[in-house]
Each structure stands twice: as structure tokens, then as C-alpha cells.
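See structure below.
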Amino acid sequence: MSWAALLDYAAVLVFALTGALAASRAQLDIVGFAFVACLTGVGGGTLRDVLLDRDPVFWIAEPLYIAVAVLGAVAVFFTAHLMESRYRWLTWLDAFALAVAVPAGVSLAVATEQSGPVIIIMGMVTGCLGGLMRDVVCNEVPLVLKQGELYASAALAGAGGAVVALAAGLGEGMALVICGAVTLALRAGSIIFGWRLPVYKARPPRV
Amino acid sequence: MSWAALLDYAAVLVFALTGALAASRAQLDIVGFAFVACLTGVGGGTLRDVLLDRDPVFWIAEPLYIAVAVLGAVAVFFTAHLMESRYRWLTWLDAFALAVAVPAGVSLAVATEQSGPVIIIMGMVTGCLGGLMRDVVCNEVPLVLKQGELYASAALAGAGGAVVALAAGLGEGMALVICGAVTLALRAGSIIFGWRLPVYKARPPRV
Amino acid sequence: MSWAALLDYAAVLVFALTGALAASRAQLDIVGFAFVACLTGVGGGTLRDVLLDRDPVFWIAEPLYIAVAVLGAVAVFFTAHLMESRYRWLTWLDAFALAVAVPAGVSLAVATEQSGPVIIIMGMVTGCLGGLMRDVVCNEVPLVLKQGELYASAALAGAGGAVVALAAGLGEGMALVICGAVTLALRAGSIIFGWRLPVYKARPPRV
């Protein structure tokens with residue numbers, strides 16, 4: 001199993017769990033859980049594959065991905081009431097999924113020999129877009145656009161780190177580990193310690 | 001004309017009518033009617049074609065689909081004021097469109113020899129996504145995610161029924177009829193009798 | 001450099017500026033500015049390329065487009081506070097971007113020898129969809145769906161004008177100039193003079 005496939009499975013599962021948690025907050029039925037879990041789990045990777053014109057899309061070639069997302073949704077449907085704070089679980093699982101999905105996107109872009117900027121964008125698309133679809137469909141405030149959180153920034157730094165590591169001659173496995181570690185460290189730091197970039201603050205009132 | 005093409009025309013027309021009704025609720029002008037009607041009418045099928053990397057997309061190969069959607073929008077623009085409850089018409093037309101679009105998606109996936117899970121997903125994508133786009137753009141509560149309604153579930157059951165029928169050796173035409181009938185029966189039962197799956201109910205308050 | 005490429009660069013830059021202005025209204029950080037600027041700048045053209053199955057998508061073939069969008073975002077991040085009314089700038093820049101992006105879409109559709117209706121739709125998709133994504137993600141009222149504004153209508157008239165000009169035997173350059181001029185004239189007239197199409201008005205109350 002290639003790096004990209006392994007990372008894809010992990011990202012699909014963890015993102016599916018976050019999708020199911022969002023479905024539990026919207027009080028959907030079990031099919032709704034599976035629907036949002038699949039959307040979140042494969043959404044980012046699907047967009048990546050469509051943009052790279054990869055044929056077939058990864059979960060059409062191997063429907064096991066869908067089974068993984070559905071099983072994750074079913075598990076959450078029957079256990080979510082055991083959690084104390086579902087939003088906190090959602091935030092943290094989403095952080096781990098991000099730290100897996102960004103290297104998954106990077107890995108595939110490297111395998112298809114894209115240029116540096118495209119590698120970085122594919123990492124960000126794979127990492128950020130599934131969660132964005134989840135939040136738009138479930139009417140949550142998109143995590144990716146929350147003020148003063150490192151999210152797209154964490155993905156950017158992780159994917160950028162991988163490109164630098166590859167350019168420095170490190171192996172792909174090492175570059176992907178760096179990518180995931182940088183992403184997770186920045187995202188976790190933002191959740192725990194409130195790390196943030198300065199936001200735009202207009203002097204005149206918003207018109 | 002193939003099964004898929006026939007079903008596609010019917011689904012495009014009926015979904016376009018629902019799109020135009022949504023546009024009338026948002027009080028758009030006639031170009032806005034046509035815009036939302038086209039988005040709703042061809043949205044689900046377009047996503048299906050992009051995912052299956054079908055080239056060209058069905059309405060690019062045959063722009064008559066667009067003409068059908070636009071004519072439907074114009075007809076609604078001049079007649080919607082005659083309806084007593086536009087939302088009721090929207091709901092019921094949407095149910096019929098769903099019952100046509102799911103077999104349309106199934107039929108195309110069968111024609112391109114996809115696996116069972118992919119056939120089911122293509123049925124659901126073709127059936128559910130055009131209406132979802134309509135509701136997101138027009139700022140309605142997405143029908144597909146309304147609590148305690150069979151919608152994605154009806155599409156799932158219909159597409160699943162078709163896969164079972166095909167596996168049991170029935171012909172494609174019969175399988176598609178079963179698919180549409182199951183979808184329509186469940187969706188109509190949900191609208192009329194309030195059929196529903198149990199929704200997730202958390203004991204602790206939503207945090 | 002082809003007409004399509006030149007128009008694409010201009011449309012990407014001006015749409016990116018509008019995306020960055022929307023990001024400033026949502027008070028994002030600098031990475032958020034770049035994210036929304038890229039989404040708005042390349043969103044419409046990307047959808048056009050995916051629909052036409054153009055491989056690779058324009059900014060994957062030439063990442064300079066992304067650099068242009070990012071630079072525009074950075075420039076806005078440091079200068080937006082100098083503007084008196086950011087929303088007014090956003091509206092007007094968006095009008096210019098529309099008047100450049102519609103001919104960009106038309107030009108590419110002509111280059112790939114599409115039929116008249118498909119040429120018109122590609123012009124509208126390229127012109128309208130990037131801004132729609134911006135408004136959905138940033139939670140603004142979509143400009144394209146504002147009641148009583150010529151927006152999709154302006155794009156439709158511009159793209160239709162280009163098709164008529166081509167059918168009348170005019171050269172492509174002239175047809176694209178007509179396309180942009182008609183689009184800009186109608187959009188600007190709508191902003192300044194309130195030009196509008198009659199909207200749908202139901203007699204019975206909205207149900």
C-alpha cells in the first residue's frame with residue numbers, strides 16, 4: 001500500500017468521525033450521519049483528484065473508502081452520547097484529520113510530479129475542503145475561516161515544510177512526517193495556547 | 001434514446017421547475033429563475049459526470065438539456081402566482097424529480113460498469129445534489145438534511161433496490177422501475193404520513 | 001500569450017482583490033486573505049476547466065496565476081484600511097472582474113469549438129461562479145442573486161453578444177471586446193442607475 005493510500009484511509013476515517021459528530025449536533029438520522037461522514041471524509045480528496053484529473057477518483061477505484069466512512073458514522077451514531085463535549089471532540093479529531101490529510105494530498109501531488117506551488121495547494125485542498133463542506137452543509141461556522149485560528153495557515157506551513165524537505169533532498173517518507181508534524185503542532189498550539197496570526201483590523205467602521 | 005438520456009431529460013425538467021419555484025420564493029428576475037433552474041436541473045448530473053470523468057458532461061454534449069431547463073423556468077415565471085402553495089408544489093415536484101434522477105444516475109453508472117457501492121452513490125449524487133445546491137444558493141433549509149424526513153434515505157433505498165434487482169438477474173429497465181418506485185414510495189410516505197428514521201438525540205445538552 | 005490567457009490573468013487579479021476585500025470585511029488573517037483571494041480568483045475558471053475536462057486546469061499548468069492572486073491579497077491586506085468604503089470598492093472591482101472573466105470564459109469555449117449555448121454558459125460560469133463562492137464562504141449576500149440587480153443578466157447579455165458577433169463573421173478579438181463592453185455597461189448601469197429586470201412578485205403571501 002502506497003503512502004498516499006495509507007494516509008487517505010486514515011484521513012477518510014478521522015474526517016468521517018468529525019462529519020458524524022457534526023451530524024449529531026444537527027440531530028440527523030443514521031443515513032444523514034453516513035451522508036455527512038462520506039462528504040467530509042472523501043470531499044477534500046475528491047476535489048484534489050478532480051483538479052488533477054485523476055481517473056478514476058480514489059473512492060471510485062476502491063469503494064472500501066466509503067465503507068470506512070460509513071462504519072465510522074455508525075460507530076459515532078451509537079456512541080456520541082457518551083462524550084462529554086462533542087464540539088471539543090470534533091475540533092480535536094478535525095486537527096488530527098488535517099494533519100493526516102495534508103500529507104495525503106502532498107503525497108499524491110508528488111507522485112504525479114506537480115510543481116512546488118501545486119503540491120502546496122493540493123495539500124491545502126485535501127486538508128481543508130472536506131471540513132469546509134461539512135461546515136457549510138451543517139451550518140456550522142467554518143473552522144477554516146474562524147478568526148484568529150491557525151487552520152489554513154497550519155496546512156500551508158505543513159505542506160510548505162514538505163516541499164522544502166523534498167527540495168533539501170530528504171526522502172518522501174520523512175517529508176510527509178515533517179508535513180504532518182508541522183501541521184499538527186501549529187493547529188494544536190492554536191487550539192491549546194491560542195496561537196494566532198494578527199487579523200485585519202480596519203480603523204474606520206465596517207461599511 | 002437510452003434509458004439514461006430519457007431519465008436525464010425528465011429529471012432536468014422537473015428539478016428545473018423546483019429551482020424556478022425556489023427562485024420565485026426568493027423573488028428573483030427571469031434570468032435568476034433560469035440560473036437557479038439550470039443549477040438545480042443539471043447540478044446533480046454534472047457532478048456525477050465529473051466524478052465518473054465522463055467527457056463531455058451530458059449537457060455540453062447536448063445543449064437541449066439547458067433549453068429544457070430554461071423553458072421550464074420561463075413557464076414557472078409566468079404561472080407561479082396561480083399556485084396556492086408554492087412550497088408544497090416545490091416539495092412534491094422535488095419528490096418526483098428525485099424518483100427520476102436516482103434511476104438516471106444508477107443507469108449511467110451501470111452503463112460504465114461501476115461496482116455496486118459506486119452505483120448506489122451515483123444514484124444518490126444525481127438525485128440529491130442538485131436540490132442541495134438549489135437550497136444552499138437560495139438559502140432554504142436543505143430538504144436533504146431536514147430532520148426526520150426520508151430523503152437521502154429514500155434515494156439510498158431506491159438505488160440499493162436497483163443493485164439488488166440487477167444482482168438477482170432482472171433486466172435494467174425493470175431494475176430502474178423498481179429504483180424509481182421505491183424512492184418515490186418512501187419519499188411520498190415521508191411527506192404524507194411522516195415516515196421517518198429515528199434521529200440522534202443526545203442526553204446531555206448540545207455543547 | 002493568447003486572448004484567453006491574458007483575460008484569465010486580468011480576471012484572476014481583479015477577482016482576487018474582491019476576495020481579499022471580502023476577507024477584510026470578515027476580519028481574517030493574511031493567510032485567510034490569500035485563501036479567499038485564490039478561491040475567488042481562480043474559482044470560476046477552475047469550474048469551467050473541469051466542466052470542459054481541460055487537462056490540466058489553467059493554474060496547475062501555470063502556477064503564476066496563484067502568485068498573482070496571493071500578491072493581490074497581500075496588497076489589499078496592507079492597504080484596505082485606506083479605503084473609505086470597502087463594500088463600494090468590492091462592488092466596482094467585481095463589476096470589472098465580471099467584464100473580464102466573461103470574455104475569458106467565452107474565449108476558451110471558442111478555442112475548444114463548443115456550441116453557442118455552451119459558449120454562453122462557459123462565459124457565465126467563469127464570470128459568476130468565483131464571486132458566488134466568495135460570497136457563500138464569507139457569508140455575504142451573493143451579488144449574483146441580489147434582487148433587482150443585473151449580474152447574471154449582464155453576463156448573459158455579454159456572452160450572447162459575443163456569440164452573435166462571431167456568427168456575424170466578426171473576428172474573435174472584436175467579439176471579446178463587445179462581450180466585455182456589454183457586460184460592463186449593463187452591470188455599471190445597474191449599479192449607478194439602478195437598471196433592473198422586473199422581479200417575480202407573487203400576489204398571495206409567501207408560503
Side-chain angles (χ1 to χ4, degrees), chain A residues 20-36 38-39 42-43 46-47 49-70 73-74 76-91 133-134 136-140, chain B residues 46-55 57 109 112-122 124-125 127-129 132-133 135-137 139-157 159-160 163 186 190 195-207:
Chain A
L21 283 172
S24 83
R25 285 164 54 85
Q27 306 205 329
L28 301 181
D29 60 38
I30 197 168
V31 175
F33 271 61
F35 184 89
V36 181
C38 289
L39 185 75
V42 306
T46 301
L47 187 56
D49 285 4
V50 167
L51 288 176
L52 292 178
D53 206 15
R54 199 179 167 205
D55 180 32
V57 172
F58 71 106
W59 54 266
I60 292 181
E62 178 48 89
L64 186 54
Y65 287 107
I66 299 294
V68 165
V70 170
V74 171
V76 171
F77 187 78
F78 289 112
T79 62
H81 65 279
L82 302 174
M83 298 173 191
E84 213 165 298
S85 166
R86 276 171 289 143
Y87 190 69
R88 207 163 167 187
W89 273 91
L90 200 166
T91 308
M133 293 181 199
R134 175 196 64 211
V136 166
V137 166
C138 289
N139 216 10
E140 306 260 357
Chain B
T46 302
L47 187 57
R48 173 200 64 197
D49 285 2
V50 167
L51 289 175
L52 293 177
D53 206 13
R54 199 178 167 206
D55 180 30
V57 171
T112 53
E113 301 185 345
Q114 304 296 330
S115 62
V118 173
I119 291 175
I120 292 177
I121 290 170
M122 288 304 147
M124 294 180 73
V125 162
C128 300
L129 270 288
L132 182 60
M133 292 181 200
D135 294 339
V136 166
V137 166
N139 216 9
E140 306 261 356
V141 178
L143 277 174
V144 70
L145 287 177
K146 264 205 180 152
Q147 289 168 25
E149 296 247 357
L150 300 182
Y151 194 97
S153 314
L156 173 62
V163 169
L186 289 177
S190 179
W195 293 353
R196 47 187 291 180
L197 286 172
V199 301
Y200 177 84
K201 263 267 156 29
R203 233 80 47 96
R206 171 172 161 156
V207 181

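Order of the sequence lines fixes the chain letters, A, B, ..., with proteins taken first and strands second; residue numbering starts at 1 for each chain.
- In terms of heavy atoms, B:E149 sits closest to A:D29 at O-OD2, 3.9 Å.
- Only the side chain of A:I66 comes within contact range of chain B, judged by heavy atoms closer than 4.5 Å.
- With a 4.5 angstrom heavy-atom cutoff, B:P198 touches chain A only via backbone atoms.
- Of the atoms belonging to B:S115, it is side-chain heavy atoms, and not backbone ones, that fall under 4.5 Å from chain A.
- For chain B, no part of A:F78 is nearby; none of its heavy atoms comes within less than 4.5 Å.
- The side chain to side chain contact (heavy atoms under 4.5 Å, CB included) test applied to B:I120 returns B:M124, B:L156, B:A159, B:V163, not counting sequence neighbours.
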Return all side-chain donor-acceptor pairs below 3.5 angstrom for residues 46-54 of chain B, not counting sequence neighbours, or 'none' if the list is empty.
| from | atom 1 | to | atom 2 | distance (Å) |
| --- | --- | --- | --- | --- |
| B:T46 | OG1 | B:V42 | O | 2.5 |
| B:T46 | OG1 | B:W59 | NE1 | 2.8 |
| B:R48 | NH1 | B:D8 | OD1 | 3.4 |
| B:R48 | NH2 | B:D8 | OD2 | 3.3 |
| B:D49 | OD1 | B:R54 | NH1 | 3.2 |
| B:D49 | OD2 | B:R54 | NH1 | 3.2 |
| B:D49 | OD2 | B:F58 | N | 2.9 |

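- Interface summary for chain B: among A:V57, A:L28, A:I30, A:V36, the most heavy-atom pairs under 4.5 angstrom belong to A:L28.
- Contacts of A:F77 with chain B are made by both backbone and side-chain atoms, with heavy-atom separations under 4.5 Å.
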